[in-house]
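Keep in mind the model is a prediction, meaning the values are calculated, not measured. Side chains included, hydrogens not; waters and symmetry mates left out as well; all remaining heavy atoms used. Just so you know, residue 1 is the first one in the sequence shown, and it goes up from there.
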Amino acid sequence: MSGSSALMAIGHIFLFYILFLSFIEPFGHGAGAPLVKTKSHATPFLCSGPEKGLRVVHKYGPCSPFGLNKTAATSSQILIQDERRVRLVYRSHQKRRGVGKGKGKDARETHPLNNALGAGNFLVQVGFGTPVQTFHLTLDTGSFVTWVRCQPPTSRCPQRQQPLLFYPSCSTTSSNASCWPSCKYEQWYKDHSNAAGNFLVDTLRIEDDVKVEYEIPEFVFLCALTDNGDFGKASGILGLGLGSSSYKFGSYSLVSQTATMFDKVFCHCLPTLENSKGYVYFGEKARENCPFSGSYTPLLRKPSAGSTSFYYVNLTAITINQKRVPISSGVSSPGTILDSGTVITRLPSSVYSVLRSEFQGWMTDYPRAPPDELLDTCYNLEGYANPEIPKMVLHFENLDVNLDQTAITWNAKGKSKVCWAFAANEDGLTIIGNHQQQKLNILYNIPDQRVEIGPGKC
């Protein structure tokens, strides 16, 4: 065979191979074609960590599905978004205590469901429908409604889908919720953004990196047809709040809908920005993977708290270095909120000022840096290999929690601006934010009305 003939033969074989590959690949997602489960973004090769449970990733960390990096600009943006959320959490908290009930638009904004999305730092990937369509949602223990961006259920299943949208018409298990046709719902946020839509029923799939971990049929969630505002690249919220029995949609919380399957028990470990993966476990797997450390703090369900989606506990004192600062029960009544949707822990002003003075006294050897939004105590630690940061302990009723050093400071601009990661709340409400919850196993045992907190593996 001549050289030219051999080259022609090789070319024919290569062309046949390409054509063969093209035929075995699906042409698209038509109305009658099965949807192929795909991840909307490839995860970076540096992504590592626990491979079981529902994976939790930091939006700006190495496992972020969006390829985002935390910069000085995003640090300020996170803190601004966090302040908006805290203002609305306070208004919602006050309304449940019967204080500050309003009318008109302000009343809509303080509705029990209307907890602002905030910075949405921690993401999980879940699936909806049959065949499954996967999305990245914000993990939020302060909201009880799960919602996802959605195309109208009456629309036809298109051949091509946008990766951030759920298509009910492409799911064979999708239907209207039992509240139909009065399922319409509009969720207003403090910054005047909103998400509106209808409640639907479909299969929810909670997965780990390897397989489907749990399949929840007939799960009720909000199909958000519009979302006017800055919700980032997340497709919605996975709400792990308690739910409100006084509200007609309160039974639609994930905790309530999975009570038989998971016995209203779950735990999470939130990763630091530098670490790769955290996790969420439900039911018996939560007890197995977040083992009892020997101490717990009670969940508070005082009458003054009303019927609420928040998780309240009793924070009695905080120790910084060797100074223990008590927190009066009257200061943050009916208790302290544990909230994965708030970033920075808020403290009553009187408590904050004492702790800040102690922190500043410890840090006198380091040069000061300008404030970063709500964080007013910052330092330039550039050139300091191992700066000494004072230790801190949160004292809950019956439970002491030692904070990791990464939970005590906030890197606003690398080492050139490192801030004390606490803020004052003029309204007196205490909220333990997700920055202080990092690297901890936090198990919510709702039937036994307690929270267990111990060292995590994330």
Side-chain angles (χ1 to χ4, degrees), residues 26-40 108 111-114 117 124-138 140 143-189 193-207 212 214-229 231-241 243 247-258:
F27 289 102
H29 303 323
L35 286 171
V36 178
K37 179 186 175 183
T38 59
K39 297 184 186 299
S40 56
R108 277 189 303 178
H111 198 282
L113 290 180
N114 297 348
L117 182 61
V124 294
Q125 180 174 278
V126 299
F128 291 91
T130 307
V132 67
Q133 302 171 51
T134 57
F135 304 96
H136 293 98
L137 306 183
T138 296
D140 193 351
S143 299
F144 67 81
V145 166
T146 292
W147 65 267
V148 65
R149 292 172 173 171
C150 209
Q151 280 290 92
T154 55
S155 301
R156 295 183 61 183
C157 180
Q159 187 174 9
R160 295 182 179 274
Q161 290 88 40
Q162 298 180 39
L164 297 180
L165 292 179
F166 173 63
Y167 291 82
S169 58
C170 297
S171 172
T172 59
T173 48
S174 178
S175 63
N176 295 322
S178 59
C179 57
W180 191 266
S182 60
C183 293
K184 292 183 178 180
Y185 170 68
E186 187 168 16
Q187 180 164 339
W188 283 89
Y189 296 94
S193 59
N194 74 310
N198 300 311
F199 283 99
L200 296 181
V201 176
D202 211 330
T203 300
L204 172 66
R205 290 174 174 86
I206 299 175
E207 308 169 336
V212 174
Y214 308 107
E215 189 170 285
I216 306 166
E218 299 182 352
F219 180 75
V220 183
F221 61 98
L222 181 67
C223 171
L225 303 176
T226 61
D227 52 271
N228 301 315
F231 295 100
K233 294 186 177 182
S235 291
I237 285 178
L238 184 70
L240 295 181
Y247 182 59
K248 70 175 182 178
F249 296 142
S251 62
Y252 292 166
S253 69
L254 189 150
V255 169
S256 297
Q257 293 189 69
T258 60

**Student:** Determine, step by step, whether Phe221 and Asp202 satisfy the side-chain contact (heavy atoms from CB on, under 4.5 Å) criterion, reporting the C-alpha distance in whole Å, the side-chain angles of both residues, the deciding distance to 0.1 Å, and the verdict.
**Tutor:** CA-CA 8 Å; Phe221 61 98; Asp202 211 330; 3.7 Å; yes
**Student:** Given Thr258 and Leu204, is the side-chain contact (heavy atoms from CB on, under 4.5 Å) satisfied, shown in steps?
**Tutor:** CA-CA 11 Å; Thr258 60; Leu204 172 66; over 6 Å; no
**Student:** Under a 3.5 Å distance rule, please check whether Gln257 uses its side chain to pair with a backbone N or O of Tyr252 as donor and acceptor.
**Tutor:** yes
**Student:** State, yes or no, whether a side-chain contact exists between Thr146 and Phe219 at a heavy-atom distance under 4.5 Å.
**Tutor:** yes
**Student:** Please test Asn176 against Asn198 for side-chain contact (heavy atoms from CB on, under 4.5 Å), starting from the C-alpha separation and ending with a verdict.
**Tutor:** CA-CA 8 Å; Asn176 295 322; Asn198 300 311; over 6 Å; no
**Student:** Exactly one of Val124, Leu164, Val148, Leu238 should register a side-chain contact (heavy atoms from CB on, under 4.5 Å) with Phe135. Which one does?
**Tutor:** Val148
**Student:** Which atoms form the tightest heavy-atom contact between Leu200 and Cys150, and what is the distance?
**Tutor:** CD1-SG, 4.4 Å
**Student:** Quick one: side-chain contact (heavy atoms from CB on, under 4.5 Å) partners of Glu218, sequence neighbours excluded?
**Tutor:** Val201
**Student:** Determine the minimum heavy-atom distance between Phe144 and Gly241, stating which atoms define it.
**Tutor:** CB-O, 3.7 Å
**Student:** Are Leu165 and Ser235 side-chain neighbours, meaning at least one heavy-atom pair lies under 4.5 Å?
**Tutor:** no
**Student:** Can you check whether Gly129's main-chain N or O pairs, donor with acceptor, with Arg205's side chain at less than 3.5 Å?
**Tutor:** yes
**Student:** For the backbone of Ser155 and the side chain of Ser169, can you confirm whether one donor and one acceptor N or O come within less than 3.5 Å of each other?
**Tutor:** yes
**Student:** As an exercise, state the distance from CD of Gln151 to CD of Gln161, rounded to the nearest 0.5 Å.
**Tutor:** 9.5 Å
**Student:** Using the rule given for side-chain contact (heavy atoms from CB on, under 4.5 Å), can you reason through Val145 versus Ile237, listing the C-alpha separation, both sets of side-chain angles and the distance that settles it, and then say yes or no?
**Tutor:** CA-CA 8 Å; Val145 166; Ile237 285 178; over 6 Å; no
**Student:** So how far is it from Arg149 CZ to Leu225 CG, rounded to the nearest 0.5 Å?
**Tutor:** 13.0 Å
**Student:** Mind checking side-chain hydrogen bond (donor to acceptor under 3.5 Å, both in side chains) for Ser175 and listing every partner two or more places apart, or none if nothing turns up?
**Tutor:** none
**Student:** Gln133 and Cys170: which non-hydrogen atoms are nearest, and at how many Å?
**Tutor:** NE2-CB, 4.0 Å
**Student:** Just by distance, do the side chain of Gln125 and the backbone of Thr134 share a donor-acceptor pair under 3.5 Å?
**Tutor:** no
**Student:** From Asp140 CG over to Leu240 CG, what is the distance, rounded to the nearest 0.5 angstrom?
**Tutor:** 8.0 Å
**Student:** Measuring only between side-chain heavy atoms, which start at C-beta, is Pro158 closer than 4.5 Å to Tyr167?
**Tutor:** yes
**Student:** Distance check, rounded to the nearest 0.5 Å: Phe128 atom CZ versus Thr173 atom OG1?
**Tutor:** 11.5 Å
